[in-house]
Amino acid sequence: MDLLGESGGPVRIAGRELGRDELLGWASAVAAEIRGADSVAVHATATAETVAAVVGGVLAGVPVVPLPPDSGPAERAHILGDSGASLLLAAGDVKPAEGEPPLIPVDALPRNGSTRAQADAGDTAMILYTSGTTGAPKGVLISRGAIAAGLDALAEAWAWTPEDVLVHGLPLFHVHGLVLGVLGALRVGSPLVHTGRPKPEAYAAAAQDGGGSLFFGVPTVWSRTAADPAAARALRGARLLVSGSAPLPVPVFERLADLTGHRPVERYGMTETLITVSARAGGDRRPGYVGTPLPGVETRLAAEDGGPVPRDGETPGELHVRAPLLFKGYLNRPDATAESFTGDGWFRTGDIATIGPDGWHRIVGRASTDLIKSGGYRIGAGEIENALLAHPAVREAAVVGTPHDDLGEQVTAYVVADGVGETQLIDFVAGSLSVHKRPRVVHLVDSLPRNAMGKVVKTRLTP
Ligand code: MLC
Ligand code: AMP
């Protein structure tokens, strides 16, 4: 099955413009190099090389494993080892570390390839690594069919057509920036402008000079835009401003609506489920609500004992999803895969929601305090605790998310350690994992509050 549409506009990224034919010719040359591989890793900088490499994987029918380009040695080794990627696709100036797969220098490949392989809807297109509450990130297996179903549902919900120009500046190793933000544009056929870092002035410039009509952002991007009235006003000519990956604060929704004249469309998604719930281009948009299920998606709420929860808009329950756009499972983790589904086949999102009689969903929190959302990134407390404990001076560590005006939540660490400062610990985590996972605040404490069983009681952590 084809994932890409039959025609489409150019992709502008990192100061380059790739026409559709050039991109497909380049990606076909990548496909010729990787054909038959079990999976390939892509050093996922926000560049034309990443787009060509990912599309190359799609054309070759080879699963792509995006590597956060700033991931430190521990995270990178885990992703490469766990995925078993046999090749690394990157620009030729990237030097694989010892033990890493051999490099295919994407920039050195010709632009006139013609390789395409047959692939089925059930075949894995991507393996996206995402944090759980404990341990190292898990590889989420996403099929071609799930991506196609998700993108087609979004195109319908947002009236997204080749007439749109999609604009965003999100990282190219997660669902939002890569699956929706790159493959979405290529499937729908709309031109794409990637702004580099998603700064308000870059979005404003893309609206005014680049003809941008459809804008994607995480709430941090929109709150920074709402705080920059000139940049926000430049978005008046846009068609749709879309927010997702974390809750959009109501005051940001309202300020953005005042300044831009657009009530933002919120949508709710997850690496494992792609996008499942959204407001519609032609419909109501309510601050604090993420909308109604996309075509083909079923949702329900479950009480803690698994029992039903009324759809009264008030009673919270865990949100369960059933849909053709769900992931296939976690790579090498049948235990975790089984745990994430109910006995009757629904995916447990771990998010706590309410559903109104009119079908409108509101996300009110998460079942576990060990998953943090900071700047739209999902960060597992356990992974950061392990990274901190790897420092020789650290004896104990507990990590939580605390409210942050700009990032929604910030990673906050409580550490028992000898002879080491806060900044050193922040840099230590930034050096072993992706930089965005670093704690923004470290409290050095004498001990951590524990219950009778010796388990840390995170609700009793105080600076
Ligand atoms: C900072 N830096 C350091 C450092 N501290 N480097 C080394 N050591 C340290 N101690 C550097 C960083 O590398 C970076 O450099 C710069 O400082 C700023 O980093 P930052 O603080 O992380 O950036 P910030 O501006 O705060 O980021 C905000 C943001 C970002 C909104 C731009 O959080 C972001 O892109 N979020 C998007 C997340 C996302 O796409 N989530 C979707 C998940 S999918 P440099 O060189 O880079 O400038 C999903 C499903 C769904 O959720 O529903 O969509
Ligand atoms: P990730 O795995 O990075 O895709 O993160 C998925 C999580 O992000 C979800 O489980 C939610 O907790 C959160 N999330 C995504 N979109 C929204 C939204 N619009 N509102 C609130 N939370 C969201």
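Positions are given from 1 along the sequence. Bear in mind the structure is a predicted one, so any value in this text is a computation, not a measurement. First listed ligand is number 1; within each ligand, the first listed atom is number 1.
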Task: Residues Trp360 and Thr292: side-chain donor-acceptor under 3.5 angstrom - done: no
TODO: If you have a sec, work out which protein heavy atom is nearest atom 11 (C) of ligand 1 and how many Å separate them, to one decimal?
DONE: Val435 CG1, 4.1 Å
TODO: Any atoms of ligand 1 less than 4.0 Å from a non-hydrogen atom of Arg440? List them with their elements.
DONE: 20 (P), 21 (O), 22 (O), 26 (O)
- [ ] Determine, using heavy atoms of His174 and all atoms of ligand 2, whether some pair is separated by less than 4.0 Å.
- [x] no
Open item on the list: Measuring from non-hydrogen atoms of Val175 to any atom of ligand 2, is the shortest distance under 4.0 Å?
Closed with: no
TODO: With heavy atoms of Ala430 as the reference, note each atom of ligand 1 found under 4.0 Å away.
DONE: 8 (N), 9 (C), 10 (N)
Open item on the list: Checking contacts here: is it the side chain or the backbone of Arg378 that comes within 4.0 Å of ligand 1, counting heavy atoms only? Could be both or neither.
Closed with: neither
Open item on the list: Please compare Gly376, Gly244, Gly375, Gly269 and report which has the shortest non-hydrogen distance to atom 43 (C) of ligand 1.
Closed with: Gly376
Task: Salt-bridge present (Lys138, Glu383; N to O < 4.0 Å) - done: no
Task: Heteroatom distance test (Glu272, ligand 2): nitrogen or oxygen, under 3.5 angstrom - done: no
TODO: If the plane angle is over 60° it's perpendicular, under 30° parallel, otherwise tilted; pick one for His78 and Tyr129.
DONE: perpendicular
- [ ] Using distance alone, with no hydrogens and no angle criterion, decide if Ser434 and Glu75 have a side-chain donor and acceptor under 3.5 Å apart.
- [x] yes
- [ ] Identify the protein heavy atom lying closest to atom 12 (O) of ligand 2, giving its residue, its atom name and the separation to 0.1 Å.
- [x] Asp351 OD1, 2.6 Å
- [ ] Report yes if some heavy atom in the side chain of Val11 is under 4.5 Å from a heavy atom in the side chain of Glu17; otherwise report no.
- [x] no
- [ ] Please write down residue, atom name and distance for the protein heavy atom closest to atom 29 (C) of ligand 1.
- [x] Arg224 NH1, 4.5 Å
- [ ] Please say whether Arg366 places an N or O atom under 3.5 Å from an N or O atom belonging to ligand 2.
- [x] yes
Task: atom 17 (O) of ligand 1 within contact range, any protein heavy atom under 4.0 Å - done: no
TODO: Considering the heavy atoms of Pro198, write down every atom of ligand 1 situated less than 4.0 Å from one of them.
DONE: 32 (C)
TODO: Look at atom 46 (O) of ligand 1 and say which protein heavy atom is nearest, naming residue and atom and giving the distance to 0.1 Å.
DONE: Arg197 NH1, 4.9 Å
Task: Lys373 N/O under 3.5 Å from ligand 1 N/O - done: yes
Task: Donor + acceptor pair across side chains of Tyr268, Asp351 (<3.5 Å) - done: yes
Open item on the list: Any protein heavy atom at under 4.0 Å, with atom 25 (O) of ligand 1 as the reference point?
Closed with: yes
